[in-house]
Amino acid sequence: MKEQGDRRRVMIFDTTLRDGEQSPGASLTDREKLMIAKQLARLGVDVIEAGFPIASQGDFEAVKLIAENVKGPVICGLARANDADIDRCWEAVKNAYRPRIHTFIATSPIHREKKLKKSKEEILKLAVAAVKRARSYCDDVEFSPEDATRTEIDYLAEVLKAVIDAGATVVNIPDTVGYAEPGEFGNMIRELFERVPEMKEVTVSVHCHNDLGNAVANSLAAVKNGATQVECCINGIGERAGNASTEEVVMNLVTRKDYFNVEVGVNTKEIYRTSKMVSSLTGLEIPRNKAVVGENAFAHEAGIHQHGVLCSRETYEIMTPAMVGWSGESLVIGKHSGKHAITALLKEEGYTLTDEQINEITARVKELADKQKFVEKDDVIAIANDVIHRLSEKEQVIRLEEFIVATGNGFTPTASVKLSIEGETKMGVGTGVGSIDALSHAIQSVIDPSLRLVDFHIKAITGGTDALADVSIKLADKDGNIFSARAVNEDVVRASAMAMLKGANKALSFQRNEKGGER
Ligand code: KIV
Ligand code: ZN
């Protein structure tokens, strides 16, 4: 159903688990992907692009898991325009209640000549053949001419007409490199509707990247000019500078319904929770000033603004925190709170946990409550993520036995560590500009020397010197593979050591699997 009353319905196609997961360093496990997909279903997106099944066995399994376990949205998989990709994609999505195959091939001259080395005619043929093959499996097939915004408009129109004739039910216009300007992109969509009247019979989608910061504005300009689907990612994550942010697109369409005159099916009250979950599972922080979900989005600092908001919120607030599900409440758990309160809180946040995980989280929350009196909701979530991300026994090849860090005025920060590597004790020492730098050097002196620490972030979960420290790191091996890890502890130095060792263990298991040919 595309129309509701006199309003056009715009589909929200969320690609956090596909394009979003292509964000440098944002790799997710199958279980994490499933949790996010379930939360996206609660948010009420129309389509979840769950992954790129041919990319790896892991991607295939994650898409299949989501297709088999997430009800509500269409579950879509990505495939290049060739038989092997399309067949693999269908295998992954076929058990979904509503499956979709999304196939693509680049159409712009630069991609045709430099990447594909194919003529316009060859690409057109491949596009049509891909759509036909996908339609032989599935009633819902999306086609994307990659780099559409740098494609000659006549050729683009010819391709779109041909794929619709071949059975595409959705045509997507990607601004793959984030090159378009809003006015220009809006005009392009309007012109395509004029040149290809068949587009009125299918869903017309847009997929905008944010290289020039225009992804949301371009998507909205397309909606204003007739697009009926927007592809986007939670928190605007994605390749390079990211994709259009789901929450910003949705809140524009909802807050300015008077301007866009369209309907969306999203439950905006789930936005904040979804954003937090994606940030904590991917490790990609939300900037404080990020529209809609940033910490400052509803904070009024200037006296004149505070006065206005106290008189009437509408003076400086165009949407309320409640509309995006930001309750503002923080104190939840005391040392007398039990397993039920913690289970209920985490369930509410979209977590599905085993009994064993719940017991461990409860024990750690109580331990923290003993020290801090109260534990905030974000602390509980951080502890839950820490427990979920725990490496299996088999993966813990390197274990931390002891460490000591010494620092002081006029003294070079120095650290020594005792690690057990497959039962063998190894000692390492290091100095640095600060205690964590020294610790990192001490650890690096023992583990694989080709592993480099390429990213390190510390965040205090809540305020105060006794706050939980959440450390996320990235290690790179000599082939450029990135291993992200995260650890939470009341002691910032311990959290740093744990995160670094987790990353080193991940790298080691990866290397072993590679050598053993398991991957
Ligand atoms: O950016 C892009 O062009 C894509 C396509 C696969 C739709 O992600
Ligand atoms: Zn993309």
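Start at 1 and go down the list; that is how both ligands and their atoms are numbered. Model, not experiment: these values are computed from the prediction. Heavy atoms only: backbone and side chains are in, while hydrogens, waters and symmetry mates are out.
- Between Phe104 and Phe143, the gap from one ring centroid to the other reaches at least 6.0 Å.
- Taking a cutoff of 4.0 Å between a charged side-chain nitrogen and a carboxylate oxygen, Glu121 and Lys125 do not qualify as a salt bridge.
- Using a 4.0 Å cut-off between charged nitrogen and carboxylate oxygen, Lys33 and Asp30 do not count as a salt-bridge pair.
- Between Lys377 and Glu349 there is a salt bridge, since at least one side-chain N of the basic residue sits less than 4.0 Å from a carboxylate O of the acidic one.
- A cation-pi contact, defined as under 6.0 Å to the ring centre and within 45° of the axis, is absent between Arg88 and Phe52.
- With respect to His207, the side-chain hydrogen bond (donor to acceptor under 3.5 Å, both in side chains) criterion is satisfied by exactly one of Glu142, Glu146, Glu231, His102: Glu231.
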### Task
I would like to know whether Glu21 and Arg18 meet salt bridge (charged side-chain N to carboxylate O under 4.0 Å, His left out); could you show each step before the answer?
CA-CA 5 Å; Glu21 218 232 352; Arg18 199 277 296 169; over 6 Å; no
Distances for all N or O pairs of ligand 1 and the protein under 3.5 Å?
{"unit_1": "ligand 1", "atom_1": "1 (O)", "unit_2": "His207", "atom_2": "NE2", "d": "3.2"}
{"unit_1": "ligand 1", "atom_1": "1 (O)", "unit_2": "His209", "atom_2": "NE2", "d": "3.0"}
{"unit_1": "ligand 1", "atom_1": "3 (O)", "unit_2": "Thr176", "atom_2": "OG1", "d": "2.6"}
{"unit_1": "ligand 1", "atom_1": "8 (O)", "unit_2": "Arg18", "atom_2": "NH1", "d": "3.4"}
{"unit_1": "ligand 1", "atom_1": "8 (O)", "unit_2": "Arg18", "atom_2": "NH2", "d": "3.0"}
{"unit_1": "ligand 1", "atom_1": "8 (O)", "unit_2": "Asp19", "atom_2": "OD2", "d": "3.1"}
{"unit_1": "ligand 1", "atom_1": "8 (O)", "unit_2": "His207", "atom_2": "NE2", "d": "3.1"}

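- Look at Lys161 and Glu158 and you find no salt bridge, because none of the NZ, NE, NH1 or NH2 atoms lies under 4.0 Å from a carboxylate O.
- Annotation: Lys269, atom NZ; neighbour count of heavy atoms from other residues, nucleotides and ligands within 6.0 Å does not exceed 12.
- Excluding waters, the set of protein N/O/S atoms under 2.8 Å from the Zn ion (ligand 2) reads Asp19 OD2, His207 NE2, His209 NE2.
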